[in-house]
Amino acid sequence: MLIKPPADIRPSEITPESVYRSRRRFMRESGTLAAGAATLVGPSAAGLPAEWLAARKVKPGEPIGEQMTSESDATSYNNFYEFGTDKGDPAKYAHELTVDPWTVKVTGEVERPGDIGLEDMLSGIDLEERIYRLRCVEAWSMVIPWIGFPVKKLIDKFQPTSDARYVEFRTLHRPSEMRGQRSIFSNIDWPYVEGLRMDEANHPLAIFAVGMYGKLLPNQNGAPIRLVVPWKYGFKSIKSIVEIRLTRRQPKNTWNVLQPKEYGFYANVNPNVDHPRWSQASERRFPTTLFKPNRIATRMFNGYDEVASLYKGLDLTQFY
Ligand SMILES: Nc1nc2c(c(=O)[nH]1)N[C@H]1C(S)=C(S)[C@@H](COP(=O)(O)O)O[C@H]1N2
Ligand SMILES: [Mo]
């Protein structure tokens, strides 16, 4: 299975906008899209009680002067191969996942390893909104208001040892509720895994998200907790995390294992290093239509220049 090359045409582009919209409305009303809509609300949909977020102060995000992607685009055009390979599959099928209760195992090079319930894990952690660009390796991008907190805040709670050099993250493996994991066409070695160098994980821009658009995360966006690393291609931002392991050695990461020539460990957004099958110099920024593809130039580190010092002396064409 390959991450699909940037499709410059998608259904919303070849169908006049009004027809597309009314079809979507029809599908929603007739229940075809009920999954996507339903996961936005409801007590158990996101692994945390619905009141949980309402009861917490969330520091508002700083505007970035770029148009925000609509909530409906960000929750209906997704990559989450556990639920299928089509962009619409996660919104259709992610409601089949039960995310309540949710436990995260923290293990490896930490003084205080353990299994911990999500609510306990997040107690005492301040939430903030972060309005970030998300740049998929397939050359489309969005601007999404996440709600979360720095990765470092959580990892520090478990007291990394001096041997901790990397952080590995694992997604839930539950084929009974994740139809993509049951698919005979999938060649992904589940669970989906990702990793960061310790200094990357500790960078203040790297966050765990538990919400978006002022609400708990919908399942298709990685409920109840996912990583968001805005200067890297989207596949690094692993969803629905159940295990965090601190390691001495560089962890495997799913897309690198599948196609090492095409997807690296670092995966920093880089307009100067093309994917072997397409250019990374530009991207389609949502909203995009046939008449307005909204193609914009891709920026080094996705515009987050403050991370450049992490990669001093590293040849980014070799360590892509
Ligand atoms: N577990 C898991 N995490 C994942 C993926 C996936 O297939 N499985 N897809 C990744 C890719 S390729 C992208 S672009 C982002 C998309 O996040 P979004 O759907 O919230 O926009 O999730 C990433 N995290
Ligand atoms: Mo992606």
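As the structure lists them, so they are numbered: ligands from 1, and atoms in each ligand from 1. If you read the sequence from its start, that first residue is 1, and numbering goes on from there.
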A.B. asks: Would you tell me which option among Leu134, Val137, Thr254, Thr85 has the nearest heavy-atom contact to atom 21 (O) of ligand 1?
C.D. replies: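 Checking each option, the heavy atom nearest atom 21 (O) of ligand 1 is found in Leu134.
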A.B. asks: Taking the six-membered ring for Trp and the full ring for Phe, Tyr or His, determine whether the centres of Phe301 and Tyr311 are under 6.0 Å apart.
C.D. replies: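 Yes - the distance between ring centres of Phe301 and Tyr311 falls below the 6.0 Å cut-off.
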A.B. asks: Heavy-atom distances under 4.0 Å are what count here, so tell me which part of Tyr192 touches ligand 1: side chain, backbone, both or neither.
C.D. replies: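 It is the side chain that touches ligand 1; the backbone stays farther off.
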A.B. asks: Does the salt bridge (Lys or Arg N to Asp or Glu O under 4.0 Å) test come out yes or no for Glu194 and Lys236, once each step is laid out?
C.D. replies: CA-CA 6 Å; Glu194 259 305 338; Lys236 297 294 290 182; 2.7 Å; yes
A.B. asks: In this structure, does ligand 1 have an atom that sits under 4.0 Å from one of the heavy atoms of Met212?
C.D. replies: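 Contact check Met212 vs ligand 1: negative.
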A.B. asks: Under 4.0 Å from ligand 1, counting heavy atoms only, is it the side chain of Thr171, its backbone, both or neither?
C.D. replies: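 The side chain, only.
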A.B. asks: Of all the atoms in ligand 1, which lie at a distance below 4.0 Å from a heavy atom belonging to Phe235?
C.D. replies: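 Here the atoms of ligand 1 in question are 10 (C), 11 (C), 12 (S).
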A.B. asks: Could you name the option among Ala267, Cys136, Gly234 that has the heavy atom nearest to atom 13 (C) of ligand 1?
C.D. replies: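 When every heavy atom of Ala267, Cys136, Gly234 is considered, Gly234 comes closest to atom 13 (C) of ligand 1.
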A.B. asks: Shortest non-hydrogen contact from Tyr266 to Lys232?
C.D. replies: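 Minimum heavy-atom separation between Tyr266 and Lys232: O-NZ, 2.8 Å.
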A.B. asks: With a heavy-atom distance limit of 4.0 Å, tell me whether Glu82 approaches ligand 1 through its side chain, its backbone, both, or neither.
C.D. replies: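 Side chain only; the backbone of Glu82 stays clear of ligand 1.
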A.B. asks: I need the Thr161 OG1 to Glu111 CD distance, nearest 0.5 Å.
C.D. replies: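 The OG1 atom of Thr161 sits 6.5 Å away from the CD atom of Glu111.
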A.B. asks: Counting both backbone and side chain atoms, is some N or O of Trp140 under 3.5 Å from an N or O of ligand 1?
C.D. replies: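 N/O-N/O distance under 3.5 Å: no.
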A.B. asks: Relative to ligand 1, is Arg226 under 4.0 angstrom through side chain, backbone, both or neither, heavy atoms considered?
C.D. replies: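 Side chain only; the backbone of Arg226 stays clear of ligand 1.
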A.B. asks: Have a look at Lys236, Gln220, Lys239 and point out the one with the heavy atom closest to atom 19 (O) of ligand 1.
C.D. replies: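 Selected option, by shortest heavy-atom distance: Lys239.
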A.B. asks: What atoms in ligand 1 come closer than 4.0 Å to a heavy atom of Tyr81?
C.D. replies: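 Contacts of ligand 1 toward Tyr81, numbered from 1: 6 (C), 7 (O).
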A.B. asks: When hydrophobic residues are tied together by side-chain contacts of less than 4.5 Å, even through go-betweens, does Val193 share a cluster with Met178?
C.D. replies: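 Each belongs to a different hydrophobic cluster.
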A.B. asks: Is there a side-chain contact between Tyr132 and Trp231 (heavy atoms, below 4.5 Å)?
C.D. replies: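 SC-SC contact between Tyr132 and Trp231 ruled out.
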A.B. asks: Tyr77 versus ligand 1: do any nitrogen or oxygen atoms come within less than 3.5 Å of each other?
C.D. replies: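 There is no such contact.
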A.B. asks: Heavy-atom count check: over 12 atoms from other residues, nucleotides or ligands less than 6.0 Å from Arg165 CZ?
C.D. replies: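 At most 12 heavy atoms, drawn from other residues, nucleotides or ligands, come within 6.0 Å of this atom.
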A.B. asks: Check ligand 1 against Asn78 and write out every atom of the ligand that is under 4.0 Å from a heavy-atom position of the residue.
C.D. replies: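 Those atoms are 18 (P), 19 (O).
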A.B. asks: Look at ligand 1 and say whether Ser237 reaches it with a heavy atom at a distance under 4.0 Å.
C.D. replies: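 Yes; Ser237 lies near enough to ligand 1 that a heavy-atom distance drops under 4.0 Å.
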A.B. asks: Taking the basic N atoms (NZ, or NE/NH1/NH2) and the acidic carboxylate oxygens, is any pair closer than 4.0 Å for Arg295 and Glu283?
C.D. replies: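 The answer is no: the pair does not qualify as a salt bridge.
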A.B. asks: Do Ile244 and Leu246 make a side-chain contact, defined as non-hydrogen atoms from C-beta onward lying under 4.5 Å apart?
C.D. replies: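 Ile244 reaches Leu246 side chain to side chain.
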